[in-house]
Asks: 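One structure, pasted below without further comment.
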Amino acid sequence: MKIAFLSNYTNELIVRSTKKRLEHEAIGCEIYISGYNQYIQDILGESNKFYTFDPELIFLSIDINILCENELNLQDRDTNYRIKVSECLEALFSQVNVLNNRLPNAAIFLDNFSIDTGKSFGTMEYNSSHTVLPALHRANTALHEFVQDRANIRVVDLESLIRRYGEDRLLDRRMYYVSKCKWSLYGIEKLSELYVSHIKAYKGIRKKCVVLDLDNTLWGGIIGQDGIDKILLSNDGAGKAYHDFQRLLAGLHSRGILLAICSKNNERDAMEVLNTHPYMVLRPDYFSDMKINWERKDKNLREIAETLNIGLDSIVFLDDSSFERNLVLSQLPEITAPELPDDPAFFSDFLHDLDYFNFHSLTDDDYKRNRNYRLQAEREKSKKSFETIEDYYRSLEMTVDIKPADDFSLPRIVQLINKTNQFNLTTRRYSESEIRGFLQDEQYQILAMSLTDRFGDSGIIGAAITVVKSGTLFIDTFILSCRVIGRTIETALLSYIYDCALKRGIDSVAGEFLPTSKNEPCKDMYRDHGFKNTNGSYWQLDRDGKIECPSWIKMGAG
Amino acid sequence: MDIPNVVCLTIAQELDIPVEHVTAESDSSNLEKWDSLGQLQIIMALERKFNIKFRTFEISELKSVQTLCDRIEQLLNRQSRHADR
């Protein structure tokens, strides 16, 4: 991916450190750095170098202390900071608008603002009409408002980084005077770490599921020995640390991160706490799967991954016992099992600092996901009570809606393309800007399929990219979310694509199956729908074929 | 601590060059990658390794293995004299 770094200070060392981290994460990148304080020239396009580079991501790092250096002048008692700072910001925002208009598909990251301590008025700060910190708060509020309706512009919360680790550690005055870069070595590391978190979030790299131990992880003490009235879990005192940790986990759950339990307990003891303890936040319905038994944890974790249909590499396992963590890691090295802090008071900060659950933007589907996994469990249950599989399909009352991609569906389509492993015929990953590129090409069509059934609205659960080449319609990408595999929905999408192609006067439809270690579930899709294997991975169906949408699936208005 | 050894190793790491290329005679004029940015990386890495702080004016002047070693030794001696008191 192409990343540009523009700045009003010398940011080369931060860029170098960011690049090193990306290499470590196996994210390939090509980098552009603007010359020292050349960002305005680059944005206004005075040389073509920057726009020719055509970045997908742009980090615009503006230090407000430099941007407003003359305005933030301590000596000048009459300075009206408010007006002068907001003038500087207006100029900056108009430059960002130019950038956004000229590169409408690029994601732009703006650091928020932090004022260096040396500029503050000490005991007079906040006690006089023209001190600097109130101006800073206004600047950050203005930045927040500026990015609100601009989906492509994101804020990097540098201010919280400085608040968290402190200026004394993150900044180095000497470096500012020597090199026009105020960050210390530690600061450079922390800032580049934050940039990489944003890049990973942009690429949708995150874990899907937290698997939790119970004793001394979700509450203090051992339920089998201490009993429900003695474990540490409450709304004050040390027990509140566990309560707060649970609330943070509930927050992850609301954003679509799955939760599961893997714990060695008597199931009845544990379920009593889960169901009845007054300060338990995570009730049983928060958990997509629960393994409360005396089996080995590696075996349980493997089963959880299978039940939830997720890879072991997308699981974070939290357990206070180093024995259990080491056992799991020795058997299942793909799993992430970080060491919890010794003291539960630090659990919440620890979870907050894990770089595993970051989002670039949240879609409605993220919020719905957990409910959908629970509904899936209900569907699985009801499956057992039907005579034939067709009866079961019919009982689901499925309606699918297939539409060309638009601004609403695009983020979810990008997410599906980059995350789906199982029902993914070609496993081609495309960035949002690549897909926006396809949208501008008449030969391409991008389809989004959503599903509603008796249990609720599943949102967008399928996508396809097709391209017409020399009279044949090629299916470049064909994807179903793993939540809806085994419900014949792929037939609905394939039949839609085929019928539309025939209507457009195209005589044949071709697709590819490119095998991976994970996409076995869709290996026979083309064969099952009457396609002929033409050449290696290629399958083709000409005008004489027929693909019927199953009678138990209703096609929506489209 | 063997100061020259650590200094050479650090320079090699920071400039991303083989350690054999850095000798007691190396300086910013005879190592191509030792530019002004490399200088900052070397200084910051050495400060962290030896737990010392150079003066601002020195940062862009200590541009050879020899001057770096001499100054580090001086700073470390001063520290240990403080510790002895």
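Per chain, numbering begins at 1; letters A, B, ... match sequence-line order.
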Asks: Compute the centroid of each ring, for A:F50 and then for A:Y32, and state whether the two points are separated by less than 6.0 Å.
Replies: yes
Asks: So does B:E47 pair up with A:R174, basic N to acidic O under 4.0 Å?
Replies: yes
Asks: Just to be sure I understand the criterion: a residue of residues 14-32 of chain B counts if one of its heavy atoms is under 4.5 Å from a heavy atom of chain A. Which ones qualify?
Replies: none
Asks: In terms of heavy-atom proximity below 4.5 Å to chain A, should B:I59 be classed as side chain, backbone, both, or neither?
Replies: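 Looking at B:I59, just its side chain touches chain A.
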Asks: Using 4.0 Å as the upper bound for N to carboxylate O, is an ion pair formed by A:E12 and A:K19?
Replies: no
Asks: State whether A:K20 and A:E23 are salt-bridged, where the test is any N-O pair (Lys NZ or Arg NE/NH1/NH2 against Asp/Glu carboxylate O) under 4.0 Å.
Replies: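 No, A:K20 and A:E23 are not salt-bridged.
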Asks: Below 4.5 Å, heavy-atom pairs only: which of B:R55, B:Q41, B:R48 has the largest tally toward chain A?
Replies: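 The option with the most such pairs is B:R48.
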Asks: Taking 4.0 angstrom as the limit, do A:E25 and A:K203 come out as a salt bridge?
Replies: no
Asks: Please determine, by modelled atom types, if B:E73 and B:N77 share a side-chain donor-acceptor pair under 3.5 angstrom.
Replies: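 No donor-acceptor contact under 3.5 Å links the two side chains.
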Asks: Using the ring of each side chain (for Trp, its six-membered ring), is A:F59 parallel, tilted or perpendicular to A:F109, with breaks at 30° and 60°?
Replies: parallel
Asks: Using a cut-off of 6.0 Å, state whether more than 12 heavy atoms not belonging to B:K33 lie near its atom NZ.
Replies: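 Enclosed: over 12 neighbouring heavy atoms sit under 6.0 Å from NZ of B:K33.
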Asks: At a heavy-atom distance under 4.5 Å, which candidate from A:L185, A:I188, A:L13, A:D172 has the highest pair count against chain B?
Replies: A:L185
Asks: A:D157 and side chain to side chain contact (heavy atoms under 4.5 Å, CB included): which single residue from A:D111, A:N112, A:N140 fits?
Replies: A:N112
Asks: Are there more than 12 heavy atoms of other residues, nucleotides or ligands under 6.0 Å from atom OH of A:Y177?
Replies: no
Asks: Which members of residues 345-353 of chain A, sorted by number, sit under 4.5 angstrom from chain B on a heavy-atom basis?
Replies: none
Asks: Is A:R102 close enough and on-axis enough to A:Y51, meaning under 6.0 Å and within 45°, for cation-pi?
Replies: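 Yes, A:R102 and A:Y51 form such a contact.
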Asks: Contact part of A:R16 toward chain B, heavy-atom cut-off under 4.5 Å: side chain, backbone, both or neither?
Replies: side chain
